[in-house]
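In listed order, ligands and their atoms are each counted from 1. Quantities reported herein were computed from a predicted structural model and do not represent experimental measurements.
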Amino acid sequence: MVLFITLLSSVAIWVTWAFYRLYLHPLKAVPGPWLAALSTYYEMYYDLAKGGRLPWKLIELHKHYGPIVRIGPNEVHINDPDFVVRFFSSSNANRRDKHAPHQQQLGVPNATISTITSDLHQKRRAALAPFLSSPRVVSYQPTILGKIENIASRLDRCKTSGEVTELRQLFWYMATDIITEIAFPIGTNLLQNKELDSGYYNFQKTGQSKLLWFKHFPFLWTILKGMPPAWLLKMEPQAAVALRWERDNKALAHDILSGRYEGEKHTVIHHLLSSPLPPDEKGFDRIWEESTSLVGAGGETVANTLCTVIFHVLQNEDILHRLTEELRIAIPDPFQIPPTHTLASLPYLSAVVQEGLRKALGVVSRFIRTDPNQTITYGSYMLPPGTAISVSALLCNNDPNLFPVPQDYIPERWLDAEKYGSLNEKKRQVITLGGGPRRCLGEHLAYTEIYLVLAVLFRRFRLELYQTNERDIEPMYDSLLPLQWEGSQGLRVTIR
Ligand code: HEM
């Protein structure tokens with residue numbers, strides 16, 4: 001009897017909720033699938049059961065329902081270039097908070113990138129930003145070039161041996177070595193061994209592919225973080241390098257916090273400790289989360305953009321020819337690579353990078369913002385305070401009105417405004433690096449790495465694709481970052 005009553009009341013509560021969400025909720029008039037209006041299980045289904053296909057489902061939904069679609073009980077997704085600027089803009093009067101239910105997804109809930117409220121975000125970002133500012137990144141250039149030279153000497157060896165090289169892992173290792181070398185007492189030094197150990201790469205890739213699970217079940221982080229390292233190692237031996245790196249740096253980070261550190265490096269930990277942040281923002285856990293968020297943010301993102309650019313350039317002889325000619329003239333001595341600002345002034349190289357960023361997407365998951373205080377209007381729809389509003393790079397970057405034949409890689413889009421339309425408008429619409437006050441903080445570092453790698457690779461080597469086609473590079477699944485199809489073996493090239 002008790003069971004029957006419990007069951008009956010659960011059903012009654014559920015039906016009432018369903019009725020409210022479908023017929024009384026402030027978003028009831030926004031078009032969209034009724035299942036999505038009922039429950040966030042709709043999102044979970046595409047994230048988990050469909051392995052990360054929600055962004056592609058959103059394309060279908062917009063085709064069917066128009067520019068605004070209700071994709072959750074309290075969320076609308078908007079596909080409209082004119083709205084993107086409003087979406088990202090934030091001010092005191094006009095707050096854009098992040099979506100609280102996803103705060104734990106990255107496992108660093110107290111880092112700038114995961115901070116929910118816009119005022120706390122502003123303070124944290126202001127403290128971190130100088131460490132990644134443009135002049136600071138110029139000072140990191142020798143470190144960056146050192147890692148790129150390591151890649152170049154590997155390619156030299158492959159040129160002699162005729163061996164096939166896979167570039168995605170190399171770039172991931174390079175970007176991780178760079179950010180850890182710059183920001184931590186001890187760098188990862190993943191490129192230091194002649195034979196690359198793929199353990200770290202496989203471990204990180206597995207972790208990345210589970211990010212949507214962490215979004216829906218944040219307690220998984222609690223379990224993972226609470227697990228003794230020896231258990232984790234038993235379950236996943238490939239975690240060894242990452243765990244060792246973490247253990248050694250954590251010990252030194254404790255030394256830095258307690259003033260016992262004897263090294264000379266000025267790490268991001270020193271930087272944050274000497275920032276004007278209040279003491280409660282300078283505890284060990286927060287500082288550690290902020291610092292390690294950079295490792296997560298600055299590895300695969302850079303590798304993926306480089307792979308996208310290099311694949312498309314190699315696939316198209318005209319583009320390759322135009323690029324190598326420009327580099328040959330601008331860099332007379334291939335072993336004297338000019339600084340990034342000189343490279344960034346080369347029109348074709350810049351166009352190749354811009355188009356690569358457009359195609360690479362950066363983050364495939366939608367960006368979600370809420371305004372806690374104000375109603376946002378979109379057309380005739382009133383979106384009350386607290387409504388989750390989202391936009392996606394997959395849609396913005398591929399808007400056919402701004403980017404005709406969006407699936408094609410056409411650097412000329414960024415050169416010929418008369419033929420391809422206003423550059424500023426296009427730039428605003430490519431949201432690979434996000435936008436507004438939460439736009440990527442590592443963009444100077446990312447651009448520097450990307451420009452320098454492309455200059456070295458295309459000035460010194462003749463690369464050819466090896467059994468790699470578009471499917472191996474194109475985003476196919478959402479794991480926050482783009483994931484390629486299961487059979488992708490990365491970006492494989494031979495060197496002549
Ligand atoms: C091509 C490479 C990169 C891409 C495509 C990229 C993309 C992005 C995007 C889309 C965001 C905004 C996330 C959001 O609004 O939820 C972001 C934020 C961020 N990125 Fe990057 N990123 C790249 C490289 C880097 C690098 C190299 C670093 C530093 C090591 C970095 C550090 C950050 C940080 C700290 C944030 C948080 C900014 C904030 O919340 O204020 N990123 N990135």
Starting from atom 18 (C) of ligand 1, locate the nearest protein heavy atom and write down its residue, its atom name and how far away it is, to 0.1 Å.
Cys440 CA, 3.5 Å
How far is atom 13 (C) of ligand 1 from the closest protein heavy atom, and which atom is that?
Phe367 CE2, 4.0 Å
If you measure from each non-hydrogen atom of Ile179 to ligand 1, which part falls under 4.0 Å: side chain, backbone, both or neither?
side chain
Would you check if there is a donor-acceptor pair between the side chains of Asp80 and Tyr378 at a distance under 3.5 Å?
yes
Thr432 and ligand 1 - part of the residue with a heavy-atom distance under 4.0 Å:
both
So His254 and Phe284, would you call those rings parallel, tilted or perpendicular, with 30° and 60° as cut-offs?
parallel
Atom 27 (C) of ligand 1 has as its nearest protein heavy atom Gly298 CA, 3.5 Å
Measuring from non-hydrogen atoms of Gln122 to any atom of ligand 1, is the shortest distance under 4.0 Å?
no
Please verify the inter-ring angle class for His312 with Tyr409; under 30° counts as parallel, over 60° as perpendicular, anything in between as tilted.
parallel
Per-atom filter on ligand 1: closer than 4.0 angstrom to a heavy atom of Val363 are 10 (C)
Should Glu443 be listed as contacting ligand 1, given a heavy-atom distance under 4.0 Å as the test?
no
Nearest-contact summary for atom 29 (C) of ligand 1 - protein heavy atom, Å:
Gly442 CA, 3.8 Å
Atom 12 (C) of ligand 1 sits nearest the protein heavy atom Arg438 O, 3.6 Å
Can you find a non-hydrogen atom of Lys98 under 4.0 Å from ligand 1?
yes
Taking NZ, NE, NH1 and NH2 as the nitrogens, is one of them in Arg460 or Glu149 under 4.0 Å from a carboxylate oxygen of the other?
yes
Salt bridge between Asp478 and Arg53, side-chain N to carboxylate O under 4.0 Å?
no
More than 12 foreign heavy atoms under 6.0 Å from CD of Gln103: is that the case here?
yes
With Arg124, which of Glu281, Glu290, Glu289 fulfils salt bridge (charged side-chain N to carboxylate O under 4.0 Å, His left out)?
Glu281
Aromatic rings Trp288 and Phe184: how do their planes relate, parallel, tilted or perpendicular, breaks at 30° and 60°?
perpendicular
For Arg125, take its heavy atoms, then give the atoms of ligand 1 lying under 4.0 Å from any of them.
38 (C), 39 (C), 41 (O)
At a 4.0 Å threshold, what atoms of ligand 1 neighbour a non-hydrogen atom of His121?
39 (C), 40 (O), 41 (O)
Atom 24 (C) of ligand 1 sits nearest the protein heavy atom Thr301 OG1, 3.5 Å
So do Pro185 and Ile269 actually touch side chain to side chain, heavy atoms under 4.5 Å?
yes
Does Glu449 come within less than 4.0 Å of Lys147, counting only side-chain N to carboxylate O?
no
Thr305 neighbourhood, listing ligand 1 atoms whose heavy-atom distance to it stays under 4.0 Å:
1 (C)
Provide the number and element of each atom of ligand 1 under 4.0 Å from a heavy atom of Leu294.
30 (C), 35 (C)
Against heavy atoms of Gly434, which atoms of ligand 1 measure under 4.0 Å?
10 (C)
Min side-chain heavy-atom separation Ile310-Leu454 under 4.5 Å:
yes
Within a distance under 4.0 Å of any heavy atom of Gly362, pick out the atoms of ligand 1 and give their elements.
5 (C)
Parallel, tilted or perpendicular, as decided by the 30° and 60° cut-offs, for the rings of Phe367 and Phe88:
perpendicular
Side chain, backbone, both or neither: the part of Arg369 lying under 4.0 Å from ligand 1 by heavy atom:
side chain
